[in-house]
Amino acid sequence: MNKKGRYGHLIGGILTVSDFVVLNVLFLLIGWCEIGESINEFFTRQVWFILNVCFVIAHLIVPDLHSKRVVYADKVVMNTLRLVAVHALAFVAIMWFLDGAMGYKLLAGFYCSFALVLMVWWLVSRKILKAYRTRGFNFKRVVIVGCNAVGRRLFEEFESDQGYGYKVLGMFDSRENAKDCACYKGELGDVESFLKEYNIDEMYCALDGEFVVTRMIHLAESNAVDFYYLPQIGRTVMRQFSLDSVGRVPVMSVRSNPLSSAVNRFVKRVFDIIFSTIVLLFSPIVLIPVSIAIKLSSPGPIFFKQLRTGFRGKEFYCYKFRTMKVNKDADTKQATKKDPRKTKVGEFLRKTSIDELPQFFNVWRGDMSVVGPRPHMLKHTKDYSALIDKYMLRHTIKPGITGWAQVNGFRGQTDHLWQMEKRVEYDVWYAENWNFFLDLKIIFLTVWNVFRGEKNAY
């Protein structure tokens, strides 16, 4: 039996030890750079001990840092900052309680360096680990019980990226139509022998029914296999959901919204104000030559304003540099690749996304955010809300100048319904998974795409 997938449980421990090494080596280097030969006076056993006690405290308060196999870069950054913040608070509090003299300059330098180094190390180590798993090492052996829509979706998710480190060895179901399922290995009665023969690590049950679920839990526990149940709500809900309770009654929330938190909304709004203010202060550098070029290109105003759908369906005027000749179809017809209405100047402005610059005024006013779902014209909102399920969920947050759908290639003309469906899918995902570092990532990718050039920018 191939043993390449075993000992995966050691990875989390190895990464935790690496965090410990980074912490101590960096503290030693920072101390040496600051006070040179007096390092022994500064780096006493007491300080060293407190430093590592706080390391343990931080890992207890911020758990599961290295347990998840599917981790996004923005989540890594968030976890890094959380860990460093908890460590800093604990260390400063203990040192203050013990009357330990620690220079603020030294502490600030250390923790800034610690956050940066740890962040880079976590990102690099996960890239290395993903490449390692892609080559067939450190995988978990998995079986899926249930060849229904939920089970098939899980199988596709596992198979979509070998870097996750999951290997589905079998799918089981007693129904007749289950035999056409990928990786089908037998009926429910065959599960137990398969678990023993192939040393399975995890079982995922996608079937409902108390008897079946109870039986699978018993089989998993009897064979030291981790058991996971897939709620049948997964057939209709294509997103993460969270569990809560009302008293002793468990309830399930089918849609998360991080921006329902006042703190998160405050952080996003402050960033929007600062970012848009800086852009608007420097905008005359672009505004003046672009305005002259637009006026010379064709008769009409410099700016184009259009009613679009905003937060919670509220209409607002969205501003852009005018890129077309004045025409009667502006509010109903989407721009196409070889649209005869576009001017030569407008073609350039659209290609470089400079035409969106006036929307920072919308951001400053509060109609829009720097990052969010792109606002659609009113006709599109009316048409697509009747055709696409969950379309209106994209309006549960403010629209943005750029968004998650745009940096993933879904911008510009939508000739087919599936293109708008994918755009909505990305917009809803963003609304349900927002965090500040995801916004920074989207802004970086937007700038990168401008310089690289986008085929859908027209």
Side-chain angles (χ1 to χ4, degrees), residues 7-133 138 165 263 267 271 435-441 444:
Y7 311 113
H9 60 283
L10 299 178
I11 295 295
I14 293 171
L15 291 174
T16 302
V17 171
S18 72
D19 297 343
F20 173 83
V21 173
V22 168
L23 172 72
N24 285 276
V25 170
L26 192 61
F27 195 73
L28 183 66
L29 288 174
I30 293 291
W32 181 80
C33 291
E34 286 290 328
I35 52 181
E37 296 179 357
S38 303
I39 184 66
N40 291 329
E41 297 177 10
F42 170 74
F43 222 157
T44 63
R45 291 182 180 179
Q46 181 189 39
V47 175
W48 185 290
F49 178 74
I50 294 172
L51 182 80
N52 290 290
V53 166
C54 292
F55 174 83
V56 176
I57 293 173
H59 272 74
L60 290 174
I61 294 177
V62 189
D64 302 325
L65 292 172
H66 302 303
S67 60
K68 291 186 178 294
R69 287 177 169 248
V70 184
V71 183
Y72 297 100
D74 52 287
K75 296 291 185 184
V76 171
V77 174
M78 287 283 289
N79 284 336
T80 305
L81 295 180
R82 287 170 58 204
L83 180 72
V84 173
V86 171
H87 189 285
L89 288 173
F91 185 74
V92 171
I94 293 174
M95 291 299 295
W96 177 81
F97 180 77
L98 297 176
D99 292 326
M102 297 290 291
Y104 290 111
K105 181 181 176 182
L106 179 63
L107 282 175
F110 167 68
Y111 279 111
C112 287
S113 301
F114 184 37
L116 181 61
V117 172
L118 197 63
M119 196 181 300
V120 172
W121 164 240
W122 281 8
L123 290 171
V124 170
S125 64
R126 277 153 181 75
K127 286 289 185 182
I128 295 172
L129 186 56
K130 191 170 183 177
Y132 182 69
R133 287 169 175 161
N138 183 231
V263 173
V267 170
F271 176 76
N435 64 68
F436 178 68
F437 295 99
L438 178 59
D439 276 3
L440 295 182
K441 176 181 178 180
F444 170 78

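Using a 4.5 Å heavy-atom threshold, the side chains of L81 and F437 count as touching. At a threshold of 4.5 Å between non-hydrogen side-chain atoms, the residues H59 and D19 count as touching. L440 is listed as a side-chain neighbour of F436, based on a closest heavy-atom distance under 4.5 Å.
The two atoms that bring I57 and A90 nearest to each other are CG2-CB, 4.5 Å, heavy atoms only. Across all non-hydrogen atoms, the minimal contact from A58 to V86 is CA-CG1, 3.7 Å. A pairwise comparison of heavy atoms in S113 and G109 identifies OG-O, 2.7 Å as the closest pair.
Using modelled atom types, no side-chain atom of N52 and backbone atom of F55 make a donor-acceptor pair closer than 3.5 Å. Using modelled atom types, no side-chain atom of H87 and backbone atom of V56 make a donor-acceptor pair closer than 3.5 Å.
Atom OG of S125 and atom CG of L118 lie 9.0 Å apart (nearest 0.5 Å). Note that CZ of F91 and CG of L23 are 9.0 Å apart. Values are rounded to the nearest 0.5 Å.
Remark: the W122 side chain and the N79 side chain contain no N/O donor-acceptor pair separated by less than 3.5 Å.
With respect to T80, the side-chain contact (heavy atoms from CB on, under 4.5 Å) criterion is satisfied by exactly one of V76, L83, V77: V76.
The aromatic rings of F110 and F114 lie parallel to each other, their planes meeting at an angle below 30°, with 60° marking the opposite boundary.
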